[in-house]
2 protein chains.
Amino acid sequence: MQVAKDTRQRGSADPMSCEGDEQGHPRPLGQDRYTISEVAEFTGLSAHTLRWYERIGLMPHVDRSHTGQRRFTNRDLDWLALVGKLRLTGMPVADMVRYAELVRAGDHTYPQRQALLEATRTDVLQRIAELQDTLSVLDHKISTYAGARCAPERTA
Amino acid sequence: MQVAKDTRQRGSADPMSCEGDEQGHPRPLGQDRYTISEVAEFTGLSAHTLRWYERIGLMPHVDRSHTGQRRFTNRDLDWLALVGKLRLTGMPVADMVRYAELVRAGDHTYPQRQALLEATRTDVLQRIAELQDTLSVLDHKISTYAGARCAPERTA
DNA sequence: CGCTTGCCTGGAGTGCACTCCAGCGTCTTA
DNA sequence: TAAGACGCTGGAGTGCACTCCAGGCAAGCG
């Protein structure tokens with residue numbers, strides 16, 4: 001399990017790549033091969049989590065050094081950035097795995113991927129609306145407390 | 001554990017109450033004493049969850065009928081509505097319990113409650129910003145898929 | 001050469017927020 | 001008054017998303 005030569009260098013972030021063209025990371029190093037701990041520090045995920053993501057298929061298979069250590073590319077970093085965004089939306093990991101599978105399956109899954117993202121988009125819009133609603137509730141209560149003239153409600 | 005007479009009727013939602021004056025529920029029944037299943041249907045929480053909320057101190061102690069069954073009031077419904085909102089913000093249940101404790105502790109905790117809500121508010125604002133950021137990423141990717149002219153990225 | 005540091009693996013453990021169960025009592029409608 | 005729906009309790013179980021562990025390579029250094 002630790003003999004996978006350092007093969008092809010997967011041309012770094014070419015500006016026309018489709019998965020992972022988000023907004024160009026600060027690119028912590030000029031390099032295109034990061035160790036797991038570099039990626040951990042950079043993404044805020046733990047090394048454990050990164051390995052786990054790979055195990056469950058949420059990462060495309062990551063390159064290995066000649067001794068079997070993971071070497072992440074800029075493309076991997078971009079993918080992780082997308083995953084991070086999707087995670088913020090509350091999308092379950094299983095759904096992200098499904099999306100990753102579609103990506104792995106090839107170009108012919110474009111329509112499904114688009115549909116999935118559009119569903120997510122709808123979701124996000126709704127969540128934003130909910131939060132704004134919540135915000136107004138909070139503001140209301142805060143102003144009540146600010147003008148602290150309020151009957152003792154439920155306190156015996 | 002099942003002898004708690006139907007005592008005081010805790011004057012229903014008087015318009016100046018401090019906890020739970022959000023936006024007036026559709027008030028499913030004209031009554032002020034609801035069974036657990038009514039509340040479950042109304043809030044979307046399960047009866048299990050309602051009992052659990054009470055156990056962990058997230059509900060003020062709920063009235064009981066003469067046979068020990070729970071009888072929720074409009075005020076309880078209002079409280080649950082607030083809890084629902086806070087839950088949407090991703091606030092951990094433990095924090096909501098802390099807030100509930102402050103409410104139980106009496107009026108002198110107004111400043112802490114206000115601080116807690118303001119922290120939550122900041123949180124919510126940040127989360128909205130994140131989601132809007134995510135939204136723009138999604139829109140970008142969706143439009144990429146829509147104009148489906150995109151190189152075969154990571155698919156062998 | 002030995003030591004430290006970093007990384008590897010499969011599998012077990014954790015924390016959160018429920019969710020369900022067994023076994024029992026109560027209420028309602030026929 | 002009998003049947004079936006509803007409610008009660010403490011405690012065990014579930015699903016998710018990590019998080020940690022033991023035991024073991026491998027590279028760099030004094």
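Just so you know, these numbers come straight off a predicted model, no measurement behind them. We name chains A, B, ... by the order of the sequence lines, and we start the count at 1 in each one.
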Visitor: Looking at R51(A), does any N or O in its side chain come under 4.0 Å of the phosphate oxygens OP1/OP2 on dC7(C)?
Guide: no

Visitor: I need the CZ-P distance between R64(A) and dC25(D), as an integer number of Å.
Guide: 17 Å

Visitor: Taking atom P of dG10(C) as reference, at what distance in whole Å does atom CD of E54(A) sit?
Guide: 10 Å

Visitor: Rounded off to whole Å, could you give me the CD1-to-P distance for the I56(A) and dG11(C) pair?
Guide: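 In whole Å, dG11(C) P and I56(A) CD1 are 17 Å from each other.
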
Visitor: Check whether any side-chain nitrogen or oxygen of Y53(B) sits under 4.0 Å from OP1 or OP2 of dC18(C), and answer yes or no.
Guide: yes

Visitor: Counting only side-chain N and O atoms of H66(B), is one of them less than 4.0 Å from OP1 or OP2 of dC27(C)?
Guide: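 Checking dC27(C) against H66(B), a side-chain N or O does come within under 4.0 Å of OP1 or OP2.
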
Visitor: Evaluate the side-chain proximity of R127(B) to T134(A): yes if any heavy-atom separation is below 4.5 Å, no if none is.
Guide: no

Visitor: Angle between ring planes, Y99(A) versus W79(A), binned at 30° and 60°: parallel, tilted or perpendicular?
Guide: parallel

Visitor: Answer yes when D78(A) and R75(A) have at least one side-chain N-carboxylate O distance shorter than 4.0 Å, and no when they do not.
Guide: no

Visitor: Is the phosphate of dC8(D) approached by R70(B) (side-chain N or O, under 4.0 Å from OP1 or OP2)?
Guide: yes

Visitor: The side chain of T67(A) lies closest to which of these nucleotides: dC18(C), dA26(D), dT19(D)?
Guide: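 When the side chain of T67(A) is considered, dA26(D) is the closest of dC18(C), dA26(D), dT19(D).
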
Visitor: Rounded off to whole Å, could you give me the CD1-to-C1' distance for the I36(B) and dT9(D) pair?
Guide: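 About 12 Å, once rounded to whole Å.
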
Visitor: Just to verify, which of T49(A), I36(A), V62(A) counts as forming a side chain to side chain contact (heavy atoms under 4.5 Å, CB included) with E54(A)?
Guide: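 Result for side chain to side chain contact (heavy atoms under 4.5 Å, CB included) with E54(A): V62(A).
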
Visitor: Return the value, rounded to whole Å, for the distance between atom CH2 of W52(B) and atom C1' of dC21(C).
Guide: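 Those two atoms, CH2 and C1', are 18 Å apart.
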
Visitor: Taking the side chain of H48(B) as heavy atoms from C-beta outward, which of dC21(D), dC21(C), dC8(D) is closest to it?
Guide: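 Shortest atom-to-atom distance from the side chain points to dC21(C).
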
Visitor: Looking at the side chain of Q69(A), which of dT19(C), dC8(C), dC8(D) is the nearest nucleotide?
Guide: dC8(C)

Visitor: Could you state the CZ-P distance from R55(B) to dA17(C), rounded to the nearest angstrom?
Guide: 15 Å

Visitor: For dC18(D) and R87(A) - does any side-chain N or O of the residue sit under 4.0 Å from the phosphate oxygens OP1/OP2?
Guide: yes

Visitor: Output yes when at least one side-chain N/O atom of T35(B) is less than 4.0 Å from OP1 or OP2 of dC6(D), else no.
Guide: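 For dC6(D), OP1/OP2 do not have a side-chain N/O of T35(B) under 4.0 Å.
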
Visitor: Whole Å only: how far is the CG atom of L88(B) from the P atom of dA17(C)?
Guide: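 So the two atoms are 14 Å apart, to the nearest Å.
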
Visitor: Side chain of T49(B) only, heavy atoms from C-beta on: which candidate in dC8(C), dT19(C), dA17(D) is closest?
Guide: dT19(C)

Visitor: What I want to check is whether the side chains of D76(A) and T73(A) have a donor and an acceptor closer together than 3.5 Å.
Guide: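 Result is yes, a qualifying pair exists.
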
Visitor: So which nucleotide from dC27(C), dG10(C), dC18(C) ends up closest to the side chain of V93(B)?
Guide: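 Nearest to the side chain of V93(B) among the choices is dC18(C).
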
Visitor: Measure CE/M59(A) against P/dC18(D) and give the value in whole Å, please.
Guide: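 Checked: the CE to P distance equals 14 Å.
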
